[in-house]
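Single-structure report; data block below.
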There are 2 protein chains.
Amino acid sequence: MDNYNANKEEMDKYSLRGKVFRKIREDILEGNYSEMEELREAAISKSLGVSRTPVREALRQLELEGLVTIVPNKGAYVTGITSKDIYDIYIIRSYLEGLCAKWACEHITEEQIDTLEEIIYLSEFHIQKEHWDQIFELDNRFHLTMYEACGSKILEHILSDYHHYVERVRKNTLSSKERARKASEEHKAILQSVKDKDEARAERLANDHIFKSIANIKNQGLEKLMKKH
Amino acid sequence: MDNYNANKEEMDKYSLRGKVFRKIREDILEGNYSEMEELREAAISKSLGVSRTPVREALRQLELEGLVTIVPNKGAYVTGITSKDIYDIYIIRSYLEGLCAKWACEHITEEQIDTLEEIIYLSEFHIQKEHWDQIFELDNRFHLTMYEACGSKILEHILSDYHHYVERVRKNTLSSKERARKASEEHKAILQSVKDKDEARAERLANDHIFKSIANIKNQGLEKLMKKH
DNA sequence: AAATGTTCTTGTGTATACAATTATTTGTGA
DNA sequence: TCACAAATAATTGTATACACAAGAACATTT
């Protein structure tokens, strides 16, 4: 699983291992490798201009994320992520985002509420202007802040991972003004229920929010959404 | 996210890195380290009689599992797992085991059904005889087979991880004849609904199964259960 | 010609050496 | 005695070298 929190991700930025790790992961998630392609340590280290050590460590981590399969004494192979995996993740997320919103009712801080309100406010502006990159970034921040607000290290960890896994698909789904606007409305409603400490409603709305994304994906065709933009 | 499947775990058995990885993980999960204790690469490698390389790789993997926190250029620290984490995991599992049972209705194979029936049959025998180790092992196998049967690599992955995380607690809860017997009855009912392809019922029963474990934990006191047996 | 054994190549697994960074101690001046 | 700076020690980060395992190609034997 992935990087645990922004803090660590930030720090890792300055280690070679972190750079290699993120580079290979991005390449896999963006589909730059074909399925089951062999990842030779020497080749990667040469192409990135580093030694094998950081490459090895990065590959071992990617194995744990499930993106790479390592056969001892043989090599590392791209496992990648199939469209079924993405679909499964969305279903799992729909359950867990519901739980997250429910727990947030109890654990959210004033500061987090302020952050979320600001995010929603800014979103509306950027949706109006069709600034897709900002919209995506704000959507990210909304969800990650919610994960933080649930007060569970474990739940935050797993949801952040999944969130990252489906990043490419999410980026594409949000590139429609109509869907972006609806998503923003849904965020607003979720936050309201959390503020009201209405656990049942918060859970249901967060649940629905992801389900609506799934419906949206089905309409647009998942395979198309997995392509690079 | 932990080891992906039995296959890989099996293969890793023969690499130093795998041994070191499992050794440190067990030590952490068994509470042999105190919270935030520093893990010095040199010390560990010396005590295990290996070089720093496999130790480093193991620590990097443990970081991804969330059991260790690595501060670049400083060191690795035990993060461990608190009783709140365990509690959270049980709640999350109750949702996901439900989903797993639901999906199993559609994807389970005849062979897997046979396996599960055999497990239940054997369990009854060992419960009668109070063979705690076998009971625990069979409980493990029941759940892991269910995870396999759900037909989702992603869900199987995360549930296996969590299952392992709470191993120590599960071992202790199952060491009561009364609870073991009830658990076995619950397993039987879940399998029946899966065989009947009754998705709603399977989901609800699997859900309840974990909830009952939580209730059981609360009764016995989580702190006590986290101790080594 | 088929099966078996042998070497050679390729790539990973581990150990060690060195560089960079951080923590600690020591020394100096006010 | 305290503050602060410089030197020193400890620890991680990276690079490189060598050992080992697996598989392929080729030779050998029946």
Side-chain angles (χ1 to χ4, degrees), chain A residues 3-4 7-25 27-28 33-79, chain B residues 3-5 7-25 27-28 33-34 36-79:
Chain A
N3 288 317
Y4 210 81
N7 194 12
K8 191 222 134 203
E9 179 108 4
E10 188 63 26
M11 297 179 128
D12 244 20
K13 201 180 289 177
Y14 304 106
S15 81
L16 269 188
R17 168 177 63 89
K19 278 185 204 141
V20 174
F21 175 73
R22 265 169 292 117
K23 174 76 172 73
I24 302 176
R25 179 171 63 176
D27 281 348
I28 294 176
Y33 291 112
S34 53
E35 194 75 2
M36 288 313 273
E37 183 169 341
E38 194 169 355
L39 297 166
R40 290 200 187 74
E41 296 175 357
I44 295 173
S45 59
K46 212 168 88 178
S47 86
L48 297 180
V50 299
S51 86
R52 273 178 55 211
T53 308
V55 174
R56 285 178 58 81
E57 292 179 347
L59 288 176
R60 296 302 175 283
Q61 293 192 293
L62 288 164
E63 181 189 26
L64 242 51
E65 281 208 324
L67 292 176
V68 160
T69 303
I70 289 179
V71 182
N73 294 313
K74 274 216 61 188
Y77 303 87
V78 175
T79 305
Chain B
N3 289 318
Y4 212 79
N5 53 42
N7 196 12
K8 190 223 133 202
E9 181 107 3
E10 188 64 27
M11 298 177 127
D12 244 19
K13 201 178 291 180
Y14 303 105
S15 81
L16 269 187
R17 168 177 61 91
K19 279 186 205 139
V20 174
F21 175 73
R22 265 169 294 117
K23 175 77 172 73
I24 301 177
R25 181 170 61 176
D27 281 349
I28 294 177
Y33 291 111
S34 53
M36 288 313 273
E37 181 167 343
E38 192 166 357
L39 297 167
R40 289 204 188 72
E41 296 174 358
I44 295 172
S45 58
K46 211 168 87 178
S47 87
L48 298 180
V50 299
S51 87
R52 273 178 56 212
T53 308
V55 174
R56 282 179 61 80
E57 292 180 349
L59 288 176
R60 297 301 175 285
Q61 294 191 294
L62 287 163
E63 180 188 26
L64 243 49
E65 281 208 325
L67 291 177
V68 160
T69 303
I70 290 179
V71 181
N73 293 314
K74 275 214 58 189
Y77 303 87
V78 175
T79 304

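All heavy atoms count here, side chains included; hydrogens, waters and symmetry mates do not. These figures come from a predicted structure and were not determined experimentally. Note on naming: letters A, B, ... go to the chains in the order of the sequence lines (proteins, then strands), and numbering restarts at 1 for each one.
- The nearest whole Å value for the distance from the CZ atom in A:Arg56 to the C1' atom in C:dA15 is 12 Å.
- Summarising the geometry of B:Ala42 relative to B:Ser45, their closest heavy-atom pair is O-OG, 2.8 Å, with the distance given to 0.1 Å.
- Atom P of nucleotide D:dT11 and atom CD of B:Glu37 are separated by 14 Å, given to the nearest angstrom.
- With a 4.5 Å cut-off on side-chain heavy atoms, B:Glu63 and A:Gln61 count as touching.
- Of the options B:Val71, B:Leu39, B:Val68, a side-chain contact (heavy atoms from CB on, under 4.5 Å) to B:Tyr77 is made by B:Val71 and by none of the others.
- Between the side chain of A:Arg52 and the base of C:dG11, no donor-acceptor pair under 3.5 Å is found.
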For this session: Give the C-alpha distance, both sets of side-chain angles, the deciding distance and a yes or no for side-chain hydrogen bond (donor to acceptor under 3.5 Å, both in side chains) between A:Thr79 and A:Thr69.
Result: CA-CA 6 Å; A:Thr79 305; A:Thr69 303; 2.6 Å; yes
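- As a whole-Å value, the separation of B:Ile70 CD1 from D:dG13 C1' is 12 Å.
- Here A:Leu59 lies out of heavy-atom contact (under 4.0 Å) with every strand.
- Regarding B:Leu48, its CG atom lies at a distance of 13 Å from the P atom of C:dT14, rounded to whole Å.
- Within the structure, a side-chain polar atom (N or O) of A:Ser51 is placed less than 4.0 Å from OP1 or OP2 of D:dA15.
- The distance from atom CG of B:Asn73 to atom P of C:dT22 is 5 Å, rounded to the nearest whole Å.
- Atom CD of B:Glu38 and atom P of D:dA10 are 14 Å apart (whole Å).
- The phosphate of C:dT14 (OP1 or OP2) has no side-chain N or O of B:Thr53 nearer than 4.0 angstrom.
- Nucleotide D:dT14 holds its P atom 9 Å from the CZ atom of B:Arg60, rounded to whole Å.
- Listed pair A:Lys74 / D:dA21 fails the phosphate criterion, with no side-chain N or O lying under 4.0 Å from OP1 or OP2.
- Between the CD atom of B:Glu57 and the P atom of C:dA15 there is a distance of 11 Å, rounded to whole Å.
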